[in-house]
Amino acid sequence: MKSWYKDSIVYQIYPRSFQDSAETAFPNDGIGDIPGIISRLDEIKELGVNVIWLSPVYKSPDADNGYDISDYYDISPKFGTMADMERLFAEAKKRDIRIIMDLVINHTSDEHEWFQKSRDPASPYRNYYIWQPGKNSRKQPPNNWTGFFTGDTWEYDEKSGEYYLHLFDKKQPDLNFKNPKVIEEVKNILRFWLDKGAAGFRCDVINIIYKTSLEDGKKSMAVRGLEHYKSQEGAHEVLRELRRDVLDKYDCFTVGETVFVDLEDAKLLCNEDRKELNMLFFFDHLEVDRRIAQFIPKKFHAHKLLKVTTKWQQGLDWNAVYFENHDQPRIVSHYGAAESERALPGEMWKRSAKMLALFEMTLRGTLFIYQGQEIGMTNFDFKSMDELNDVVSFGINKLMKKLFIPGFLRWKWIKASSRDNARTPMQWNNDENAGFSRGKPWLGVNNNYRHINYESQKKDPDSILNFYKKLIALRKESKCLVYGEFLPLYADSRLIIYRRKLNNEIYTIALNFSSNEIKLPGKYLPCFSGDRVISASGRKQESRMLPWDGVLIKTANY
Ligand code: TEU
């Protein structure tokens, strides 16, 4: 297996929010599409990206925006046609950009042919899903599990006379990985896309695909039942089989999305010798200021962030490094200084977005950037639930109502954590709808698009976009930044200092996560005596850190 993926820069595209075009069956329908992506490949290339991760573009009734697939071998007409997809592979290839697909196999859509057939108890597809009789003469669901989207996990089907399992929405029935036929189906899907030119897969919730038992779950605040299906031996075996029979025959890589994963699980899942995944996405670093239920906030302390970062940076052979995706709030609104969204984004928004870029780009692993992150896009100033679209936000609202959480608090938390924050259309320019679409966008365009957009940042040498470009270029020149050791040096509640080291090459990085000017601790001053390679503020302060500043120093031997 070649390791080109290790020093790759991956750009995640959420197709419905990237670029709409007039070239599909639904021209200018306010939903981004594949011809739209093709028209933006040059911008992606210019950023320094060499891999695209494409969120699902398959046929889907969109109960969960494409993460509910009804045909793995076809493209949703909203996004275009298979011919468009082939053109995307070809156009990307011309620019030396590879594409990885989103592999969603824990569940399908309930509108998938397999599921429809499986509703008949006599069908050979019955065993593709997890059907169970109810308890107490079918009045009650088969067990007490609770779902990822805050609701039930069992849905009764009249036609079948039984319940089916769905860990996510009821329109996302879970596949049964105890059935070898399901694994064969997945292999066929993999081969189909690899033969079309895919360079790998991002594997959705891959550590929960195998349900060892269906017994009741133990008491839990979060997802009840998890111990029966999280990181089970069965899942490890499936992954090894997919690697052995398909993936290892191609020049490709996998990155698993792994929920509630701990370091011990992760070590098994992406240990190179075990041949399961190449790397994985964990969530710890984005949850240092949240409680078990992800949407409840708690105070941010920079030292916690360094602790978690160190644990994963040092704990795994190889990391997938990301700060944003289509499920997370925008990083500058989360850990940066995107002031109240009503104010125009100011100097601190910009500096903190750069500081966070510097943080991410100086971590060890394969780098992932989510669309819009490179221009410091912020959370959206939603006014009410009516403006939201995500199934999870509605689920959380319902759950919190049940718990008698007052309306203002519910709204405050949902607004800050809604997955829709990441899903507002890409802000390309100053034109109507930020240049995203000539039609009415499926989700609101952020009101700040005249201040935050790609076109104006492209022209501005001091922009966040150009800062990302510089950092990416720097990373390409330095093996140390990609492969070097990660060594924490110092942290308090606002300041983080760490170092990257490979042989004689040493970088020291300091990040200020606050709006105060901070004096660097005297003990570490000598580390800052080297060449100041780049800083978020662009200013040179020898012993102090400006608010929200980040600096990268090439340290002389120390
Ligand atoms: O997400 C997995 C997942 O459970 C979380 O990221 C989830 O969005 C969060 O916990 C909600 O509270 C993956 C996909 O990234 C997501 O978009 C899908 O909705 C989900 O799987 C189901 O396919």
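Ligands are counted one by one from 1 in listed order, and the atoms in each one are counted from 1 as well.
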Exercise for the section: Measure from NZ or CZ of Arg40 to the centre of the six-membered ring of Trp428, then state whether that distance is under 6.0 Å and the direction lies within 45° of the axis. Expected result: yes

Practice task
Kindly write out the residues that satisfy side-chain hydrogen bond (donor to acceptor under 3.5 Å, both in side chains) with Glu155, not counting sequence neighbours, or none if the list is empty.
Solution key: none

Problem - Sequence-distant partners of Glu264, side-chain hydrogen bond (donor to acceptor under 3.5 Å, both in side chains), two or more places apart - result: none

Exercise for the section: May I ask you to decide whether Glu287 forms a salt bridge with Lys298, counting only side-chain N to carboxylate O separations under 4.0 Å? Expected result: no

Handout entry: Atoms in ligand 1 with a heavy atom of Arg423 nearer than 4.0 Å
Key = 17 (O)

Exercise for the section: Would you mind finding which of Arg419, Glu257, Gln328 brings a heavy atom closest to atom 1 (O) of ligand 1? Expected result: Glu257

Handout entry: Enumerated ligand 1 atoms positioned under 4.0 Å from heavy atoms of Phe149
Key = 19 (O)

Exercise for the section: Between Arg202 and ligand 1, find which residue part has any heavy-atom pair under 4.0 Å and reply side chain, backbone, both or neither. Expected result: side chain

Problem - Atom indices of ligand 1 within 4.0 angstrom of Asp64 heavy atoms, with elements - result: 18 (C), 19 (O), 20 (C), 22 (C), 23 (O)

Exercise for the section: Tell me, please: is His107 in heavy-atom contact with ligand 1, that is, under 4.0 Å? Expected result: yes

Practice task
Cation-pi check, Arg98 to Trp53: give yes when NZ or CZ is under 6.0 Å from the six-membered ring centre and within 45° of the ring axis, no otherwise.
Solution key: no

Completion exercise
Taking only non-hydrogen atoms of His326 and a 4.0 Å limit, the atoms of ligand 1 in range are 14 (C), 15 (O), 16 (C), 17 (O)

Exercise for the section: Determine whether the aromatic ring centres of Trp193 and Tyr58 lie less than 6.0 Å apart. Expected result: yes

Fill in the blank from the handout: Of Val392, Asp390, Asn65, the one whose closest heavy atom lies nearest atom 11 (C) of ligand 1 is Val392

Practice task
Could you tell me if the ring centre of Phe359 sits under 6.0 Å from that of His285?
Solution key: no

Handout entry: Ligand-residue contact atoms, ligand 1 with Phe148, heavy atoms, under 4.0 Å
Key = 4 (O)

